[in-house]
**Q** 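For reference, the structure I am asking about is given below.
In what follows, chains are A, B, ... by sequence order, proteins preceding strands, each numbered from 1. All values derive from a computational prediction rather than experimental measurement. Worth knowing before you read on, the calculation uses all heavy atoms, side chains too, and leaves out hydrogens, waters and symmetry mates.
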Amino acid sequence: MSETRTIKVDYLARVEGEGALYVRTEGDRVEEVKLSIFEPPRFFEAFLLGRDFREAPDITARICGICPIAYQMGASHAMEDVCGVKVDGSLQTLRRLIYCGEWIESHVLHVFMLHLPDFLGYPDAITMARDQPDLVRNALRMKKIGNALMRLVGGREVHPVNLKVGGFYRTPTAEELAGVRADLAWGLEAACEAGEFLAGLDFPGFEMDYEFVALVHPDEYPITHGELGSTSGIRAPVNAYDRIFREDHVVHSTALQSRLTDTGRPAFLGPMARFALNRERLTPQASDLAQRSGLGDVCRNPFKSILVRTVEIAFAFEEALRLLDVYQRPDASAVEAAPRAGTGFGATEAPRGICYHRYTLDDEGIIRDAKIVAPTSVNQASIEADLHGFVQNHLDLPDDQLRHRCEQAIRNYDPCISCSTHFLDLTIERR
Amino acid sequence: MSARRPTLAVWKFASCDGCQLTLLGCEDELLAVADAIQIAYFPEASSAMAEGPWDLSLVEGSITTPHDAERIREIRRASRHLVTIGACATAGGIQALRNFADVEAFTRQVYARPDWIKTLATSDPIAAHVPVDFELRGCPIDKAQLLEVINAFVYGRRPQVPQSSVCEECKRAGHVCVMVAHGTPCLGPVTHAGCGALCPGCHRGCYGCFGPKETPNAPALSAWLEHLGMKREEIVRVYRTFNANSDTFREESLRHERDTDHQG
């Protein structure tokens with residue numbers, strides 16, 4: 001008779017939001033893997049109906065306190081798409097700049113406070129700070145600089161007040177932005193230094209044949225713009241999103257799950273996908289750090305996502321410095337967007353991957369239909385596939401070690417459960 | 001002097017995580033806070049989850065499921081002091097827009113299998129379910145106010161958090177009044193202080209993140225909003241955001257909704 005084992009985590013720590021894990025094995029076979037999301041649903045897509053199109057950035061920001069810019073900007077792009085207006089020049093420079101701030105604060109939070117304690121054997125960054133005070137202090141300072149950039153352009157780090165459809169309420173002067181330059185230069189150096197330390201960590205030998213999906217842009221490492229691209233050769237405009245992905249409702253999750261329509265395979269979104277599809281467009285020092293970290297052209301070991309994320313921190317600092325150089329305060333703080341009936345699409349690269357928005361407006365600009373897809377809900381299927389593969393390869397590990405590795409495998413994705421619930425509890429059952 | 005540090009727990013209900021992240025956003029103060037108090041239960045930041053009871057529980061999020069209604073009662077029983085942080089925990093949050101609608105229709109709008117979703121008809125503030133010792137406003141909360149509240153409860157005093165309006169902060173900041181000077185609709189006169197009048201500083205009107213101030217006169221403000229050309233349905237919407245379920249904002253939006261209906 002084969003032995004049944006279950007491994008459970010009822011409330012996953014160091015992830016944003018509420019989830020659980022359940023794994024059941026029979027003998028030497030993994031039978032069932034469930035990443036459960038019990039975060040209560042909040043129904044954003046329902047209560048956006050009947051609202052004015054100009055309200056969408058402030059309302060959708062409240063989906064996530066960690067990546068509000070991803071929602072504000074995705075919603076704004078979709079509305080501008082409906083209205084037929086284009087935001088470019090210095091306004092686009094400012095949008096990319098504040099998004100760099102969001103990448104920095106979100107990535108630094110995850111790399112040093114949520115993910116690194118797994119590798120160094122601490123329960124949290126505060127305990128880690130007793131043995132590694134400089135590492136934690138430098139991380140907090142980097143995070144603070146990301147937040148300062150959010151405040152400088154957006155007025156506030158959580159739920160910024162200064163962004164709107166068409167641009168901004170008030171644009172900062174070049175002198176105001178110049179105040180953060182020395183900190184950004186320090187941050188770039190600190191990120192590169194931290195990246196070298198992190199490259200020396202012990203990584204489990206584990207690779208998967210992922211289909212990476214990210215925005216691809218001919219001239220820049222993608223943040224605010226690009227076409228949908230994948231490692232299997234998909235190239236399509238953002239408005240093809242609903243044809244490329246299908247969404248399923250599964251019983252163990254309040255976050256809808258996504259798969260690629262053609263193959264039924266899970267898609268992998270986020271830093272590793274962006275890196276795989278856009279590596280050659282990294283800024284010089286970030287590209288150099290990627291090389292020194294041994295990442296090659298593509299990284300397929302999800303445990304090494306911490307290195308890719310750190311490369312992106314360096315990139316965000318370096319890119320922010322470049323944007324400061326080219327910024328000139330525009331004459332108008334926003335492009336006028338007059339409503340008209342139609343459907344618009346928007347997708348940007350949130351810290352965790354593509355965040356997709358689609359809205360239909362009537363001729364008075366009232367929202368009649370809304371669809372928002374958070375990257376974590378797309379990544380659910382990849383996380384479950386990773387857990388299946390990892391547990392299958394490590395059935396010899398005792399339960400507590402296996403449970404710890406499973407939690408780490410989930411944290412590899414920096415899952416944002418609060419976002420994805422339209423998301424986690426670990427149970428491993430061995431039979 | 002007692003060597004035992006007070007214990008802190010941070011809890012999450014329906015929310016965006018922004019308010020509890022404000023604690024991790026205290027980059028300059030976090031390590032000092034962790035020296036003064038023992039952060040005993042904070043699953044979003046630590047996998048070490050100590051058993052209660054706790055001296056101070058910070059609660060983020062609103063009550064939207066039968067399970068959460070039970071969970072908050074257990075947390076209250078195990079907490080010496082319980083403080084709500086943010087608009088969700090204090091007023092029900094943006095998700096309280098369901099309180100004005102049919103939640104079953106909402107579920108059908110978002111989910112293919114509404115029968116798999118367990119949710120309450122309303123999104124409730126924590127105080128609707130258990131006694132609360134202090135309510136900290138904001139969507140999101142302000143970092144300095146959070147540190148003040150933690151400090152006050154550690155030393156057993158009342159938090160010093162102003163109850164006045166955004167207007168007072170706006171005047172002190174020296175901003176030009178966006179409503180008087182530019183005719184921009186602004187909720188500043190009825191909105192609780194705390195953000196530092198960020199929006200007028202960006203040349204936009206306040207949109208009410210901190211909810212109603214003490215003794216607000218919303219009908220007087222609504223008359224001005226009408227005078228500035230806002231339509232009744234727009235006035236309904238302006239009160240119906242993150243603090244839609246707080247008494248003053250709820251009554252004011254319902255009053256205008258009724259009037260809109262009468263106009264046919």
Side-chain angles (χ1 to χ4, degrees), chain A residues 11-18 38-47 49 51-52 55 58-59 62-66 68 105 109 113-114 117 123-127 129 136-137 140-141 143-144 147 155-159 161-162 164 168-170 248-249 251 254 256 333 407 416 418-419 422, chain B residues 12-22 24-25 27-28 30-31 34 39 42-49 61-62 64-65 67-68 93-95 97-98 101 103 105-113 116-119 123 139-141 195 198-199 201-204 207 209 234 237 241-242:
Chain A
Y11 197 116
L12 281 162
R14 279 184 278 124
V15 296
E16 293 103 357
E18 300 179 276
F38 55 89
E39 176 91 14
R42 293 169 69 213
F43 305 109
F44 275 87
E45 287 145 315
F47 59 65
L49 305 186
R51 308 291 301 212
D52 185 277
E55 293 181 287
D58 287 326
I59 291 177
R62 269 66 185 183
I63 292 173
C64 183
I66 307 139
E105 57 85 13
L109 171 73
M113 306 185 77
L114 309 183
D124 49 62
I126 289 165
T127 315
V136 175
R137 275 180 208 288
L140 286 167
R141 187 171 164 196
K143 185 169 171 299
K144 187 181 175 187
N147 279 331
R156 179 161 71 187
E157 52 268 63
V158 178
H159 307 326
V161 302
N162 192 27
K164 65 174 185 174
F168 296 84
Y169 288 92
R170 176 191 177 275
D248 299 315
H249 186 185
V251 68
T254 51
L256 302 175
S333 63
E407 287 185 62
C416 188
S418 306
C419 280
H422 41 186
Chain B
K12 175 185 161 62
F13 290 85
S15 65
C16 80
D17 292 41
C19 289
Q20 54 175 312
L21 278 166
T22 302
L24 295 178
E27 289 96 359
D28 289 336
L30 183 62
L31 297 178
I39 302 179
F42 187 4
E44 191 140 323
S46 178
S47 50
M49 303 184 201
S62 68
T64 61
T65 67
H67 173 252
D68 279 355
I94 186 84
Q95 57 275 13
L97 290 175
R98 73 172 67 181
V103 75
F106 272 24
T107 314
R108 284 195 302 274
Q109 169 77 18
V110 177
Y111 294 99
R113 288 293 303 267
W116 290 346
I117 301 295
K118 289 188 190 70
T119 191
S123 168
C139 182
I141 55 170
C195 66
L198 291 174
C199 287
C202 294
H203 307 168
R204 79 177 279 193
Y207 58 102
C209 300
E234 291 175 322
R237 288 201 299 265
T241 59
F242 329 109

**Q** Is the terminal nitrogen or CZ of B:R98 (NZ for Lys, CZ for Arg) located under 6.0 angstrom from the six-membered ring centre of A:F43 and within 45° of that ring's axis?
**A** no
**Q** Is A:N147 in contact with chain B via its backbone, its side chain, both, or neither, using a 4.5 Å heavy-atom distance?
**A** side chain
**Q** Just so I understand: if I count every heavy-atom pair under 4.5 Å between each of B:H67, B:M49, B:Q95, B:E27 and chain A, which residue has the most?
**A** B:E27
**Q** Taking all non-hydrogen atoms of both residues, which atom of B:S46 and which atom of A:R14 are closest, and how far apart?
**A** N-CG, 3.8 Å
**Q** Flag the pair B:I39 / A:D124 as yes when at least one side-chain heavy-atom distance between them is below 4.5 Å, and no otherwise.
**A** no
**Q** If I take atom SG from residue B:C195 and atom CZ from residue A:R156, how far apart are they, to the nearest 0.5 angstrom?
**A** 6.5 Å
**Q** A:R141 versus chain B, heavy atoms under 4.5 Å apart: side chain, backbone, both or neither?
**A** neither
**Q** Do you know which of B:T65, B:L24, B:T22, B:T64 has the most heavy-atom pairs under 4.5 Å to chain A?
**A** B:L24
**Q** Are there over 12 heavy-atom neighbours, none belonging to A:K144, within less than 6.0 Å of that residue's NZ?
**A** no
**Q** Which atoms of B:Y207 come close to chain A, meaning under 4.5 Å heavy atom to heavy atom: side chain ones, backbone ones, both, or neither?
**A** side chain
**Q** Which bit of B:I141 is near chain A, if near means a heavy-atom gap under 4.5 Å: side chain, backbone, both or neither?
**A** neither
**Q** Considering only heavy atoms, which portion of B:A45 lies under 4.5 Å from any heavy atom of chain A: side chain, backbone, both, or neither?
**A** backbone
**Q** Between B:C139 and chain A, which part of the residue has a heavy atom less than 4.5 Å away: side chain, backbone, both or neither?
**A** both
**Q** In terms of heavy-atom proximity below 4.5 Å to chain A, should B:L31 be classed as side chain, backbone, both, or neither?
**A** side chain
**Q** Can you tell me how far apart CZ (B:R237) and CD1 (A:I59) are? Round to the nearest 0.5 Å.
**A** 9.0 Å
**Q** Side chains of A:E105 and B:L21, heavy atoms from C-beta outward: is any pair under 4.5 Å?
**A** no
**Q** List the atom of A:Y169, the atom of B:R204, and the distance in Å for their closest heavy-atom pair.
**A** CD2-CB, 3.3 Å
**Q** Does the side chain of B:T241 reach to within under 4.5 Å of the side chain of A:D58, using non-hydrogen atoms?
**A** no
**Q** Give the minimum heavy-atom separation between B:C16 and A:R62, together with the two atoms involved.
**A** CB-O, 3.1 Å
**Q** Looking only at atom types and distance, does a side-chain atom of A:R42 sit under 3.5 Å from a main-chain N or O of B:A14, one as donor and one as acceptor?
**A** no
**Q** Run A:M113 and B:L30 through side chain to side chain contact (heavy atoms under 4.5 Å, CB included) and show every step you take.
**A** CA-CA 12 Å; A:M113 306 185 77; B:L30 183 62; 3.7 Å; yes
**Q** Any side-chain heavy atom of A:R51 within less than 4.5 Å of one from B:L97?
**A** yes
**Q** Does the side chain of B:H203 come within less than 4.5 Å of A:S333's, by heavy atoms?
**A** no
**Q** Drop me the distance from B:C202's SG to A:F168's CZ, to the nearest 0.5 angstrom.
**A** 10.5 Å
**Q** Measuring from atom CD1 of A:I63 to atom CD1 of B:I94, what distance do you get when rounded to the nearest 0.5 angstrom?
**A** 10.0 Å
**Q** How far apart are the closest heavy atoms of B:G18 and A:V158, and which atoms are they?
**A** CA-CG1, 4.0 Å
